[in-house]
Amino acid sequence: MLPNRYAFREAEARLARLWSEADLYAFDADGSGPIFTIDTPPPTVSGELHLGQCYSYTQTDIIARYRRMRGERVFYPMGFDDNGLPTERFAEKRIGRKATEMEHEAFIAACRELTRQTEDHFESLWRRLGLSVDWRYRYSTVSPQAQKVSQWSFIQLYQAGRAYAQLAPALWCPECQTAIAQAEVDDTMLPTLFTTLAFRLPDGGMLPIATTRPELLPACVAIFVHPDDARYAHLIGSMASIESADFSDRPLIEVPILADELADPTKGSGAVMCCTFGDSTDVRWWRTHNLPLRAAIGRDGRMTTLVGPLAGLPTAEARQRILSLLAEHGQILGQETIEHTVGTHERCGTPVEYLHTRQWFIRVLDQKQRLLEAGREVAWHPDYMLTRYERWVENLQWDWCISRQRYFGVPFPAWTCKACGKLQLASFEQLPIDPQLTAPLSPCECGSSDFEPETDVMDTWATSSCSPMIIGRWPDDPAWFAQHFPASLRPQGHEIIRAWAFYTIVKSLYHTGKIPWHETMISGHALSSERRKISKSKGSQEITPDEVIERESADALRYWAASGRTGSDIAFSPETIANGRRLATKLWNASRFTESRLQGLDAAIASDTPPDGLLPTDRWLLSRLARTIAIATSELNRYEYAAARGEIERFFWSDLCDNYLELAKSRLYGEAGPEQRAAQWTLYHTLLTVLKLLAPYLPYITEEIYQGLFRQWEGAASIHISSWPSEHPEWLDSEAEETGKALLELLHQVRRHKAERNLSIGAPLEALHISSQQKALLEAASTDIKSATRAKEIVWTAPGE
RNA sequence: GGGCGAUUAGCUCAGUUGGUUAGAGCGCUACCUUGACAUGGUAGAGGUCACAGAUUCGAGUUCUGUAUCGCCCACCA
């Protein structure tokens, strides 16, 4: 017997244990049937999981559960992205010391221990949330296997000429002392002193130049004006200069005045310094105009010897000193404070610089067309997300920089020969390898065995972009790889289409010539109640997933996560969570009622074959159910989980509970006989179907009811490995639906009649006068009409009477 | 500045190819302890579908423009 109350805390914990012990979600490698492989996003191990992640991971789980019930062999692994800068910063924060202040080995060991603990914690939350992951396949991007894949990928790309090292201007974070990718740069509004400097012209005239970076003056290599700017047209080609003996290695900075479209006549004086490098325009000009390189800022963010006596100062201090020196010499024409956006490193908030360093790149610029075609081969849900990918690819400016000057990451598996400078790659058998700890297997072609190991590590994207290959066991297990690559589905957030989706497509295309997955489901963000992105909102006032689960149940949290259209952002909503709770309670009570009315339940009721003598009411409900199944199925096929859920709920709440149960009550309470059996059969199968339809959303309550009420009659050990309801076109019955509509209208009128007279809905009626065109249809449902209206007698009158 | 989305009831959201009085839940009002459920039920109030044009017999739905918000990118002298 189902108890009166559903105690979710006890039940959810117990069921989660049960599923785990039964390996319920184990991938069946030897079975038959189509394989559905999910290229799960490995959450970054850089803090706690937040509600935003519960939001998107639940959506994926709903799809996984749906597919599993459809008979597909779902391969649903889970990974954790636990190397690279984000994890290092997380570790530094937890340890309270910086990586640069520790022994290399000790820092790595601390990172490993911390990530292991954190990942165990993540796993327990995911289990509690009910994610139907096959935990035997938990992976981590810093694991030996993932490192091996990542290093082998690099070696392959290098040998194919697609990876190369180059001295190049790269975005650099002086705080983290590493190159970073475009994708890691945030815009921050900062107040800045905007200073106008006086450059001298050959004719003795003066040229005003406005700048926010006066400390880069020693790195100034040119001045640019717009070719159409009448004020300066006559100056193009001549030189401008400024005295700089106090703060530069050259006493006079003298640079050419050049013309370029990118100079904006409306900004500052219309003439602008080009320094190597202040911003990306400088980089562009440096390239297109073949300008010399003068690096005023070093890797540590301090000034180089280019600034003469000021060498070694941090940039901010150098700026102050240079400004006061310029002021002393009367070289400042004006100053104002402005607000402007500065590129900052998203991990630490430090303004980024462009430095000329040796970095590893993967060539992508020459493959835009192929990458666009590949993107179009993937089915995007929702489809407009493809456009974001296309715009990103079309607007790519640089090749993909994959190297980082950090510690806890995947090393580049290579050494450089000190004698001849040739790069030596590790051999496959050596992988994974740290070239700083292990030497090459053979000497260099030139005969020397004196090698300089690579000290860089790869950016996290370089490894996480291999996720379909990591879960596909590339290249060690070709049979497995053939089964799981391309993967069926990549779920991910829309903000990283340009990063994760793009990089994954790049790698997949370069290594296999194929797209990495057939479909991708893009999720939106969960926003806090103030409509800010949850992962970015600061402070501890934010409610945690554990709290919500403890207070409201995992089912209720999942219910919220399945609201809203696929891909759209949604605000955290306690009201929606409460609705989830209500739905669970309603399911529980409807099931208890069903259980009580199905005493003496037998195999015939549980069988798929309906008994003879279904009443119009039964046939109406079944017809509505058939439509609900069809709609829910087609919505889930197009990854619109919320639309599917809405349809199921409407059917359950309104058709089944509010109407059918009231109509069928007297049959269910009344005498045994064909009419009662018809109602029992209808109720049994309708409730079971509703539970199955809701099982992907509310895995706990549906399982609890299934175990208590249905398992003994159904074959499956768990609702989650039972079969998804088939569509039953034979239940569609337009005549019964007509009757149903008439019945509902009748019920509505009777209920209004009672409400207007402040009568209880159960108040008996002496006689119910029905005047309807559909008398013939309704008459067959007399028993049920009396049941729902409590009419003692029905009097049929002709329409118009 | 560019791209993509959003703007519908007090709140959170649906509205698939343009077609009769625009939907749901919450909240609100009134009533009902009815033999599953008061974590319930019934009935009801509440919207000039951001704004301005255009196309059409007909526009929440298509087009153009404007405003506001979000994400992404660019700019950032």
Side-chain angles (χ1 to χ4, degrees), chain A residues 2 4-6 182-183 185 187 189-190 192 194-197 209-213 216 223-224 262-264 267-275 278-282 338 340-343 382 384-388 390-392 394-395 397 493-499 524-525 527 529 531-533 560 563-565 567-576 578-579 581-597 634-635 638 640 642-643 646 649-650 653-654 657-658 661-662 665-666 668-669 747-748 750-763 790:
Chain A
L2 300 177
N4 283 350
R5 288 287 164 110
Y6 170 62
Q182 272 181 71
V185 179
D187 283 349
M189 284 294 283
L190 289 175
T192 310
F194 192 41
T195 307
T196 305
L197 305 175
I209 306 269
T211 181
T212 56
R213 301 288 308 268
L216 288 177
I223 284 167
F224 280 91
L262 288 176
D264 184 346
K267 284 194 181 161
S269 64
V272 55
M273 294 200 297
C274 170
C275 309
D279 60 40
S280 64
T281 316
D282 289 341
I338 57 161
H340 77 156
T341 50
V342 176
Y384 62 79
M385 292 294 180
L386 167 63
T387 323
R388 296 203 185 182
E390 290 180 322
R391 294 291 164 276
W392 175 253
E394 284 164 5
N395 295 322
Q397 303 280 351
H494 59 61
E495 80 283 9
I496 51 174
I497 289 174
R498 69 196 171 102
H525 295 140
L527 309 172
S529 329
R531 295 204 66 82
R532 279 196 322 234
K533 191 174 164 182
W560 162 73
S563 320
R565 231 182 45 233
S568 66
D569 298 346
I570 196 167
F572 180 73
S573 159
E575 292 79 12
T576 307
N579 284 345
R581 286 287 305 280
R582 262 188 281 274
L583 176 60
T585 305
K586 192 78 173 174
L587 281 168
W588 187 255
N589 287 320
S591 300
R592 278 177 50 230
F593 172 74
T594 301
E595 183 183 43
S596 76
R597 294 301 99 210
S634 91
E635 292 294 352
R638 51 191 283 262
E640 288 293 349
E649 270 183 292
R650 196 158 28 253
W653 211 283
S654 167
C657 292
D658 291 347
L661 288 183
E662 295 305 323
K665 241 173 205 173
S666 69
L668 289 165
Y669 275 108
L747 272 187
H748 183 70
V750 171
R751 283 166 176 167
R752 190 159 58 191
H753 173 89
K754 291 183 178 176
E756 280 166 359
R757 286 159 185 76
N758 294 351
L759 292 171
S760 139
I761 210 71
R790 303 290 201 278

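Comparing B:rU42, B:rC26, B:rG70 against the side chain of A:Arg388 picks out B:rG70 as the nearest.
Atoms CZ (A:Phe593) and P (B:rU34) sit 16 Å apart, rounded to a whole Å. For the pair A:Glu390 CD and B:rG3 P, the interatomic distance rounds to 14 Å; values are reported in whole Å. Separating the CG atom of A:Asn758 from the C1' atom of B:rG41 is a distance of 15 Å, rounded to the nearest angstrom.
Nearest-nucleotide assignment on RNA chain B puts the 5′-proximal partner with A:Glu640, out of A:Glu575 and A:Glu640. Each of A:Met273 and A:Lys586 was matched to the nucleotide of RNA chain B holding its nearest heavy atom; the match closer to the 5' end belongs to A:Lys586.
Side-chain to base pairing of A:Arg5 with B:rU39: one donor and one acceptor N or O lie within less than 3.5 Å of each other. For A:Ser573 against B:rU12, a side-chain-to-base donor-acceptor contact under 3.5 Å is absent.
Comparing the P positions of B:rG27 and B:rG65 gives a spacing of 43 Å, expressed to the nearest Å.
At the heavy-atom level, A:Ser568 lies under 4.0 Å from the strands shown only through sugar-phosphate atoms. Among the protein residues, A:Ile497 comes within range of no part of the nucleic acid, since none of its heavy atoms lies under 4.0 Å from any strand. Contact annotation for A:Ala263: base contact, defined as any heavy-atom pair under 4.0 Å involving a base atom. Looking at heavy-atom distances under 4.0 Å, A:Thr585 makes contact with a base.
A:Lys754 places a side-chain N or O within 3.5 Å of a backbone atom of A:Ile761 that can act as its donor or acceptor partner.
A salt bridge links A:Glu662 with A:Lys665: at least one charged nitrogen is closer than 4.0 Å to a carboxylate oxygen.
Helical stems in RNA chain B, defined as runs of 3 or more consecutive Watson-Crick or G-U wobble pairs with donor-acceptor distances under 3.5 Å: B:1-7 with B:67-73, B:10-13 with B:23-26, B:28-32 with B:40-44, B:50-54 with B:62-66.
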